[in-house]
Amino acid sequence: MLLRVVDTNVAMTAGGHNEVATCACIDNAIDFIDRVMQGEVIVVIDDDFEALDEYGGKLPSEKRSEDLAGQFLIYLYNYQGDEERVRRMKLKRDSDFHYIDYPDNEGSWKTDVPRCKQFDEDDKKWVALARRFKIDTGADAPIVNAADRCWLAFESYLNATGIMLEFLCREERKSGD
């Protein structure tokens, strides 16, 4: 069984809410979300609802049941207690509210990509979640990304800390926005 941490942009791309994604990228995201909902992929989320809150906060609420991104969110809510579908982990924070399992709280990771000068604050939860999962279980739960170029910019830093990434749209992200 595949275990994965799923960045919000995967569901958003699958649901057609990403204007920079190509048709091939959208198809890859749809295929991935379909595999999740068929039970082929176990999604790793946190038990404080940070992941679910982010998914829900980015989705248009009026069409959630009709939209694949909304169906993904509903799926996670429905199966959050079923370890064969969703695994929940405790994200730990320090007194400054930084994720203890995020490997760089000082912000020292920098890139030459103009839009990706520093690692995105919202994405730190995914890294902390993948690391916590590995620490607690000894298994990897790669972070799946569809259409966020900044994950590519920080890939070497993340790999050096043992975080694995899975890109659904790697080639187009190398050259695109």
Side-chain angles (χ1 to χ4, degrees), residues 1-18 20-46 49-59 67-77 79-80 82-89 91 99 101-103 116 119-137 139-174 176-177:
M1 193 62 62
L2 298 175
L3 293 141
R4 298 292 186 267
V5 172
V6 183
D7 188 323
T8 309
N9 72 62
V10 175
M12 296 301 289
T13 301
H17 305 288
N18 188 330
V20 300
T22 65
C23 290
C25 184
I26 293 168
D27 287 345
N28 290 345
I30 289 169
D31 288 344
F32 180 81
I33 296 298
D34 282 344
R35 289 176 56 213
V36 167
M37 294 197 301
Q38 291 170 19
E40 296 174 25
V41 177
I42 298 170
V43 178
V44 178
I45 62 173
D46 64 287
F49 293 91
E50 289 185 51
L52 292 175
D53 287 347
E54 180 169 323
Y55 295 140
K58 299 227 174 152
L59 295 172
D67 182 291
L68 189 56
Q71 291 170 20
F72 172 70
L73 177 63
I74 292 166
Y75 172 91
L76 293 177
Y77 272 110
Y79 289 103
Q80 64 183 311
D82 181 350
E83 288 203 355
E84 294 299 314
R85 302 279 184 149
V86 177
R87 298 278 172 88
R88 297 177 65 125
M89 304 301 299
L91 286 178
Y99 296 108
D101 296 314
Y102 179 72
C116 310
F119 198 77
D120 186 1
E121 282 295 318
D122 288 342
D123 289 337
K124 289 181 179 182
K125 85 173 101 356
W126 309 124
V127 174
L129 193 53
R131 281 193 87 212
R132 174 52 39 200
F133 186 81
K134 187 168 189 150
I135 290 166
D136 286 356
T137 69
D140 287 310
I143 300 167
V144 181
N145 170 59
D148 183 344
R149 187 175 179 206
C150 291
W151 283 104
L152 274 175
F154 290 98
E155 184 175 23
S156 62
Y157 292 113
L158 293 164
N159 288 165
T161 65
I163 300 299
M164 297 172 53
L165 301 175
E166 181 177 324
F167 293 93
L168 301 178
C169 313
R170 179 184 284 276
E171 290 307 311
E172 72 182 55
R173 292 296 87 207
K174 283 182 180 176
D177 178 33

Please test L158 against W151 for side-chain contact (heavy atoms from CB on, under 4.5 Å), starting from the C-alpha separation and ending with a verdict. CA-CA 9 Å; L158 293 164; W151 283 104; 3.6 Å; yes
Hey, which of [options] is the one that makes side-chain contact (heavy atoms from CB on, under 4.5 Å) with [X]?
X    : options             : value
H17  : N9, D67, L68        : D67
W126 : D120, V5, N145      : V5
R87  : L3, L129, T137, I45 : L3
V127 : T161, I143, L165    : I143

Taking all non-hydrogen atoms of both residues into account, name the closest pair between [X] and [Y] and its distance.
X    : Y    : answer
L91  : A128 : CD2-C, 3.7 Å
R85  : M37  : NH1-O, 3.4 Å
R170 : E155 : NH2-OE2, 2.8 Å
L76  : L52  : CB-CD2, 3.6 Å
D122 : K58  : OD2-NZ, 4.4 Å

How many angstroms lie between atom [atom1] of [X] and atom [atom2] of [Y], to the nearest 0.5 angstrom?
X    : Y    : atom1 : atom2 : result
T8   : N18  : OG1   : CG    : 11.5 Å
E54  : M12  : CD    : CE    : 10.0 Å
E50  : K124 : CD    : NZ    : 13.0 Å
D148 : F167 : CG    : CZ    : 9.0 Å

Side chains of [X] and [Y]: does their closest heavy-atom pair fall under 4.5 Å?
X   : Y   : result
F32 : V36 : yes
C25 : T13 : yes
V10 : F72 : no

Test item: [X] side-chain N/O and [Y] main-chain N/O as donor-acceptor pair under 3.5 Å:
X   : Y    : answer
N28 : L168 : yes
Y55 : A11  : no
D46 : A51  : yes

Could you go through the side-chain contact (heavy atoms from CB on, under 4.5 Å) check for R35 and L2 one step at a time? CA-CA 10 Å; R35 289 176 56 213; L2 298 175; 2.8 Å; yes
R131: side-chain hydrogen bond (donor to acceptor under 3.5 Å, both in side chains) partners, not counting sequence neighbours: none
R132 to Y102 six-membered ring, cation-pi geometry met (6.0 Å, 45°): no
Does the separation of the ring centres of F119 and Y157 fall below 6.0 angstrom? no
Crowded around E84 CD? As in, over 12 foreign heavy atoms under 6.0 Å? no
